[in-house]
Number of protein chains: 2
Amino acid sequence: MIITKAGRRMFPAMRVKISGLDPHQQYYIAMDIVPVDNKRYRYVYHSSKWMVAGNADSPVPPRVYIHPDSPASGETWMRQVISFDKLKLTNNELDDQGHIILHSMHKYQPRVHVIRKDCGDDLSPIKPVPTGEGVKAFSFPETVFTTVTAYQNQQITRLKIDRNPFAKGFRDSGRNRMGLEALVESYAFWRPSLRTLTFEDIPGIPKQGPTLYGPSQPSCVLSPAMWFPQPWP
Amino acid sequence: MIITKAGRRMFPAMRVKISGLDPHQQYYIAMDIVPVDNKRYRYVYHSSKWMVAGNADSPVPPRVYIHPDSPASGETWMRQVISFDKLKLTNNELDDQGHIILHSMHKYQPRVHVIRKDCGDDLSPIKPVPTGEGVKAFSFPETVFTTVTAYQNQQITRLKIDRNPFAKGFRDSGRNRMGLEALVESYAFWRPSLRTLTFEDIPGIPKQGPTLYGPSQPSCVLSPAMWFPQPWP
DNA sequence: TTGTTCTCACCTAGGTGATAATCT
DNA sequence: AGATTATCACCTAGGTGAGAACAA
């Protein structure tokens, strides 16, 4: 994923559907992005692979993207596809625009957080997301990405150009698209339909008592058609 | 003000500053637009005046513009200038975009509503704003306007073109601006600085008991520099 | 005649990768 | 040598009044 000083959107954006919330309870929904490991990477062109190139840089200030519809009722959240397309990434450790700060050439995992309103009193764009009762995090392994300041691989560049409407100016409409389409569609992680993740019960909540989120356990599903997978830069 | 079928913004937009709220109380802020009288108007060009031209058309479905930052704490509302620039007007009585529906060639008064969160449970874009305890409305007489589908007066057209950034394409930079500027600045309602409105205590609230909004009475001030006055179409 | 609708050129505002210059 | 930055042309998305066509 490209990161810049000014802040750059993720493409494709994370889009999820959530179910199992209490329709009449208020929630915040937020995203943060955590390191996958403690390594720094470099891209080896001739083998088309990311290789470990030392240990990770020192940690950056914690940032959280609070979804702009927050807070909203469970009913509202469950009715829509929740899109994080306004979220921006930056490599500027002194950023004051509230963007998410990351190191270039590192691997990251986005996380979606569902926070019951009464547990989100100290929720802040510049503090770590609280954990514990009333808060649940979801991660989708297929959304792990590597940060760069310039694309390392012509295939990923084409993928972005062909799918991002804002990059239409770079499209080569005469070019044979089969190479790209075949690549995307054959990829192991690619799914034309929704992928559902199940997850553990929330610790500390009695199964029979008043449920944390509602009658059913909450679940979070990654929306189709807009995400594509790792090992590219 | 121009109204269209698709919906058109007001220009200039209403911008207010609010004070006297309880910093830790949550509020909705909303705008609606009510008829000034029961008349329909026509513009008489040779006298440059709006004249009564019969009784008002039948009422339109009630619409409310809920400020997109709602709900928010009194602290948040008081810290910023509250702008209604995304609000749109339409003459389409069957509008399903949530725009405010008005009749052309009628006179209207925009109102700002401050609604304590616990009194806004049935607040809806398609229902009248509730009244009573915990709700307060503000009107600024200098914001009364007449609706049209096409400007009736070349002076108002010039004013809009010269001040709305989206109309820059129609500006005639070689034109002598003194006529316009003199007109605006000499106008009785025009003020280069903030105009403060005071207003009555809220009925039914004991003066000594817990106050409705906070330690002081709430007040609402129209922001300067972006509003100009009536008798033009 | 008068008011309304539709389409248009011309803007604002801002999201893309390319590219050349710069940094380390 | 490899990574980063600044600037750019080229887009998306949408807010203007002009003016012709249309309606009552």
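A, B, ... follow the sequence lines: proteins, then strands. Residue 1 opens every chain. None of the values given here were measured: they were computed from a predicted structure.
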Side chain of [X] only, please: which of [options] is the nearest?
{"X": "A/Lys88", "options": "C/dG15, D/dA3, D/dT16", "result": "C/dG15"}
{"X": "B/Arg9", "options": "D/dG15, C/dG3, D/dT4", "result": "D/dG15"}
{"X": "A/Ala150", "options": "D/dT4, C/dT4, D/dT16", "result": "D/dT4"}
{"X": "B/Arg42", "options": "C/dG3, D/dG14, D/dT12", "result": "C/dG3"}
{"X": "B/Arg8", "options": "C/dT4, D/dT16, C/dG3", "result": "D/dT16"}
{"X": "A/Asn91", "options": "D/dA18, D/dG14, D/dT4", "result": "D/dT4"}

task: Give a yes/no on whether any side-chain N or O of A/Gln152 is located under 4.0 angstrom from OP1 or OP2 of D/dA3.
output: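 Answer is yes, contact under 4.0 Å.
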message: Below the 4.0 Å mark, does D/dT4 have OP1 or OP2 next to a side-chain nitrogen or oxygen of A/Ser104?
response: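 Indeed, a polar side-chain atom of A/Ser104 lies that close.
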Starting at atom [atom1] of [X], determine the distance to atom [atom2] of [N], rounded to an integer number of angstrom.
{"X": "B/Lys168", "N": "D/dG17", "atom1": "NZ", "atom2": "P", "value": "16 Å"}
{"X": "A/Asn153", "N": "D/dA3", "atom1": "CG", "atom2": "P", "value": "14 Å"}
{"X": "A/Lys5", "N": "C/dC23", "atom1": "NZ", "atom2": "C1'", "value": "12 Å"}
{"X": "A/Leu87", "N": "C/dG14", "atom1": "CG", "atom2": "C1'", "value": "17 Å"}
{"X": "A/Asn164", "N": "C/dA18", "atom1": "CG", "atom2": "C1'", "value": "15 Å"}
{"X": "B/Met105", "N": "C/dT4", "atom1": "CE", "atom2": "P", "value": "6 Å"}
{"X": "B/Ile161", "N": "D/dG15", "atom1": "CD1", "atom2": "C1'", "value": "14 Å"}
{"X": "A/His99", "N": "C/dG14", "atom1": "NE2", "atom2": "P", "value": "11 Å"}

- request: Please round to 10 degrees the angle between the axis of the first five pairs and the axis of the last five pairs in the helix from C/dT1-D/dA24 to C/dT24-D/dA1.
  value: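 About 10° separates the two local helix axes.
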task: Between A/Thr157 and A/Phe166, name the one whose nearest nucleotide on DNA chain C is closer to the 5' end.
output: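 Comparing both residues, the 5'-ward one is A/Phe166.
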- request: For B/Ala167 and for B/Tyr41, locate the closest nucleotide of DNA chain C by heavy-atom distance; then report the residue assigned to the nucleotide nearer the 5' terminus.
  value: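 With B/Ala167 and B/Tyr41 compared, the 5'-side residue is B/Tyr41.
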- prompt: NA contact type, A/Thr4, heavy-atom cut-off 4.0 Å: base, sugar-phosphate, or nothing?
  reply: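 A/Thr4: no heavy atom of the nucleic acid under 4.0 Å.
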- request: Would you mind classifying the nucleic acid contact of A/Lys86 as base, sugar-phosphate or nothing, using non-hydrogen atoms under 4.0 angstrom?
  value: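 Answer is nothing: A/Lys86 stays at 4.0 Å or more from every strand.
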- prompt: With the threshold set at 4.0 Å, does a side-chain nitrogen-carboxylate oxygen contact exist between A/Asp85 and A/Arg15?
  reply: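 A salt bridge is absent here (no side-chain N lies under 4.0 Å from a carboxylate O).
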query: Under 4.0 Å between a Lys/Arg side-chain N and an Asp/Glu carboxylate O for B/Asp57 and B/Arg40?
result: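 So B/Asp57 pairs with B/Arg40 through a salt bridge.
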Closest heavy-atom pair and its distance - [X], [Y]:
{"X": "A/Met10", "Y": "A/Leu89", "answer": "CG-CD1, 3.6 Å"}
{"X": "B/Val36", "Y": "B/Tyr108", "answer": "CG2-C, 3.5 Å"}
{"X": "B/Lys86", "Y": "B/Arg9", "answer": "CD-NH2, 4.0 Å"}

query: Would you find a donor on one side and an acceptor on the other, under 3.5 Å apart, between the side chain of B/Thr147 and the backbone of B/His103?
result: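 Yes; at least one donor-acceptor contact below 3.5 Å.
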message: Just checking B/His67 against B/Tyr28, ring centres under 6.0 Å apart?
response: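 Ring-ring flag for B/His67/B/Tyr28: false, centres at least 6.0 Å apart.
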query: Between A/His106 and A/Tyr41, is the gap from one ring center to the other below 6.0 Å?
result: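 No, they do not, as the ring centres are separated by 6.0 Å or more.
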